[in-house]
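Worksheet: one structure, shown below.
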Amino acid sequence: MGLQPMSHRQDADATNDDQSMHPSRDQLNSGVLSPSEPRFVRVVIDRAIHRELDYAVPETLAERVSVGSRLRVPFRDKSALATVLAVLDQSDAKGIRPIEAIVGEAPVLSEQLLELAKWMSAYYCCSIETVIRSLLPQVVRRAEMGWKKQLFVQPTGKIESEEIEKLRRRAPRQAELLQAIAQLEKPVRAAELLRQTSLDNQTLRALVKRGLAELREEAVARDPHGDEQFLATTSLAVNPEQEFALQEIMSALGAPDNARPILLHGVTGSGKTEIYLQAIRSALELGRNAIVLVPEISLTPQTVERFKGRFSETPDGVAVLHSHLSEGERHDEWHKIQSGRARIVIGARSAVFAPLKNLGLIVVDEEHETTYKQEEAPRYHARDVAVMRAKIEKCVIVLGSATPSLESYHNAKRGKYGLVTLTQRVDQCQMPLMRIVDLRQERRKQKAAAILSEKLRSAIADRLEKREQTILFLNRRGFSTSLLCSNCGEARDCPNCSVALTFHRHVARLNCHLCGHTAAVPKKCPACGQDALIYSGFGTEKVELTVAHLFPTAVVRRMDADSMTRKEAYRETLRSFRGGKIDILVGTQMIAKGLHFPNVTLVGIINADLSLHLPDFRAGERTFQLLTQVAGRAGRGDTPGEVFVQTYTPFSPSIQFARHHDFAGYFEQELEFRERCDFPPFKHAILITVRSPHETRAKFSAETLTRRLKETLGSEFILGDATPAPLEKLQGQFRFHILMRGQAIMRLSRLVRETLDKLPFPEDVTVAIDVDPYQLL
Ligand code: ADP
Ligand code: ZN
């Protein structure tokens with residue numbers, strides 16, 4: 001559930017038997033309805049039937065039902081879970097049936113969140129049921145889980161010391177426990193008391209039986225950070241740039257009704273997080289609450305600690321939402337927020353839906369991060385949803401980044417957003433020096449394709465000597481990117497996807513990074529039978545090995561999705577790196593973001609071209625952001641850092657502008673390019689992917705759909721032909737793309753939806769709609 005990409009086929013499946021949804025009059029009359037006081041609700045049920053339904057509410061339940069309530073309702077011959085969209089005085093639907101029950105205690109969706117859901121449904125061209133599935137965690141939707149209960153113990157009345165002495169002769173252990181209980185100032189967890197006294201449950205039960213102690217069950221929150229201590233911190237004295245930024249936010253907080261979103265563009269280490277913390281403090285003082293969105297990868301214990309520490313007067317007051325919570329923890333955090341006990345929510349993408357009331361401030365940190373975009377239906381972008389939520393809730397929104405997205409920067413330039421810039425790092429530390437290494441020249445010098453250029457190699461040696469640390473970054477996992485036959489030229493491709501298999505040395509197998517297919521390494525080329533297989537290209541695994549080989553005395557560790565399969569491994573590696581126990585850390589983007597390591601003075605980007613040459617109009621922007629972000633890792637302490645960028649295209653604008661830390665220059669030229677080519681942020685885009693295990697069916701369906709779209713969409717929209725996707729085959733499915741662009745995105749969304757609704761597709765053809773797409777492969 002929830003993970004299924006929504007397909008058009010699935011959407012449309014139930015619209016053909018409307019009749020069966022309506023029960024007969026008899027059923028209605030035999031219900032518990034009072035005819036004098038009709039009350040009805042309009043609901044969506046948790047199924048992709050693509051329509052709203054009306055139900056009657058029995059008088060006995062009427063008081064407890066409101067907009068946002070969850071219900072169990074009869075649907076066809078079964079029952080289904082549903083969400084109330086509206087309460088009605090009357091309904092002209094025929095054959096209305098009464099609801100069966102109310103699920104959960106309070107309404108789970110506020111009117112504002114429902115409004116947001118409706119907007120998302122229209123904007124992202126998907127059904128409201130799909131949106132609600134994303135909005136509410138499963139454990140809340142189903143309401144099957146409660147609070148965790150624990151036993152607390154306390155004395156029954158006042159316990160006299162004679163009583164304890166009397167007991168001591170007959171049952172010394174009971175007496176010992178009773179003495180401990182007599183000293184309690186408040187009830188404590190029974191298990192905790194037994195652990196402290198090293199006594200057992202039987203002893204406790206005996207005291208309860210004697211009527212000397214009593215046990216009570218209480219609900220406790222499963223707090224994932226419950227046993228951690230947070231060091232209390234207070235606001236720092238801000239510098240003038242921070243002061244200015246804070247004043248902007250404060251004046252917005254004072255008049256939130258027509259405040260513009262604020263884009264906070266501040267280099268890494270310029271003190272943005274400190275600004276968020278103080279802005280949240282002000283919001284709380286005004287009696288309002290706050291949400292902070294951070295990319296999942298930045299939601300580290302460090303980040304959580306900064307927030308919990310600053311607001312340590314109410315440790316319960318900060319709720320944390322991320323994808324690693326257990327269902328129980330998620331239940332508890334969600335209800336802590338819903339009930340108003342938590343006033344600050346910090347979390348990844350879906351925390352934008354946190355059920356906080358009285359919202360005063362939303363912060364979206366690293367707003368340019370593409371992980372804010374959900375790549376399954378509903379394919380929403382959390383930053384954009386946050387901007388919309390702020391508008392609906394009339395609250396202030398701050399978007400922060402060292403490298404704002406072109407979309408947000410453009411909005412700031414044309415006055416839709418306010419812009420605040422922080423140019424200085426708090427520690428006054430110099431921006432690192434960026435050196436571009438031209439791999440074409442390196443290749444001429446050395447025969448073998450170099451993983452490490454001579455310059456980077458000697459820089460590493462220098463750092464090892466000075467006992468400073470190095471990060472080497474490569475955005476590609478594995479050992480070699482493909483296994484080629486030097487005789488016939490065949491590569492080992494994935495049978496399900498149109499990509500080469502990657503060789504992973506530590507497991508000695510070929511893996512597909514897209515579908516997980518794995519294969520043994522053949523001894524000879526299966527195509528021509530020659531013993532001529534060679535490994536080509538390289539990934540982090542090979543970088544690690546090469547570096548370890550070149551610097552045998554250095555401690556080298558690798559950090560990527562393969563080496564970090566255990567959750568703890570990530571923390572452990574970071575801890576030893578911070579503690580100076582690792583000299584060189586090799587990794588993928590996992591190490592590129594938001595980590596503070598004062599002793600790192602060298603960053604090597606092994607191949608800057610990897611992201612640059614993807615068939616994606618954002619390739620340049622991503623490369624620029626990546627270089628800038630990775631560079632921000634170097635030289636946070638007293639020593640200025642050095643960054644080596646290895647590339648075959650040293651003169652590409654994203655590399656040159658990043659080198660000079662010239663944001664404005666880069667944005668200007670990139671915006672010019674986007675405008676010339678009608679790309680976002682000047683036009684919105686919708687990407688439709690049509691896929692099927694049968695190539696001809698996928699192709700035919702995509703072409704038919706394109707023809708229909710051509711008839712429907714006016715000339716204000718740009719519509720391309722159906723083309724094979726760059727990644728033509730994925731997980732055994734053939735994929736075709738249709739790209740549309742235009743200014744009026746709501747209208748375009750609606751027209752696309754209407755066209756799709758009228759078009760039947762073969763059984764095994766799936767259609768996915770992506771509004772404002774980020775994945776163009
Ligand atoms: P950013 O979020 O922009 O990367 P941070 O807020 O994390 O920056 O600040 C970087 C470091 O500087 C942190 O250790 C933070 O505690 C410290 N810092 C921030 N503002 C101040 C200030 N006004 N005075 C002293 N230290 C500060
Ligand atoms: Zn595959």
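In each ligand, atom 1 is the first atom listed, and ligand 1 is the first ligand listed. Here, residue 1 is the first one in the sequence, and each next residue gets the next number. Source: prediction; values computed, not measured.
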- Message: Just to be sure I'm reading this right: ignoring hydrogens, which of R306, E274, E241 gets closest to atom 7 (O) of ligand 1? Compare them by their nearest heavy atoms.
- Response: R306

- Report yes or no: does a heavy atom of G266 sit under 4.0 Å from some atom of ligand 1? no

- Quick one: NZ on K308 to CD1 on I346, what's the gap to the nearest 0.5 Å? 10.0 Å

- Task: Begin with the C-alpha distance, continue with both residues' side-chain angles, and end with the deciding distance and a verdict on ring-ring contact (aromatic ring centres under 6.0 Å, His included) for H381 and Y774.
- Result: CA-CA 9 Å; H381 194 299; Y774 281 74; 5.2 Å; yes

- V238 heavy atoms, cut-off 4.0 Å: which ligand 1 atoms fall inside? 23 (N)

- Is there side-chain contact between S323 and E296, with at least one heavy-atom pair below 4.5 Å? yes

- Closest approach of T371 to R349 (non-hydrogen atoms, all atoms of both residues): O-NE, 3.1 Å

- Item | Pairs satisfying ring pair (Phe, Tyr, Trp, His ring centres under 6.0 Å), at least one member in residues 490-526, at least two apart | F479-F503, F503-Y535, H504-H513

- Can we call the ring centroids of H265 and F663 under 6.0 Å apart? yes

- Atoms in ligand 1 flagged as close to A237, the criterion being non-hydrogen separation under 4.0 Å: 22 (C), 23 (N), 24 (N)

- Query: Under the 3.5 angstrom rule, does the side chain of E274 hit a backbone N or O of V238 as a donor-acceptor pair?
  - Reply: no

- Can you find a pair of side-chain heavy atoms, one from M434 and one from H660, that are under 4.5 Å apart? no

- Query: Are more than 12 heavy atoms from other residues, nucleotides or ligands located less than 6.0 Å from atom CZ of R505?
  - Reply: no

- Item | Heteroatoms of the protein, restricted to N/O/S, which lie under 2.8 Å from the Zn ion (ligand 2) | C494 SG, C497 SG, C512 SG, C515 SG

- Could you see which bit of A402 sits under 4.0 Å from ligand 1, with heavy atoms only: side chain, backbone, both or neither? neither

- Query: Judging by distance only, is a nitrogen or oxygen of G271 under 3.5 angstrom from one on ligand 1?
  - Reply: yes

- Under a 4.0 Å heavy-atom limit, does V426 contact ligand 1 with its side chain, its backbone, both, or neither? side chain

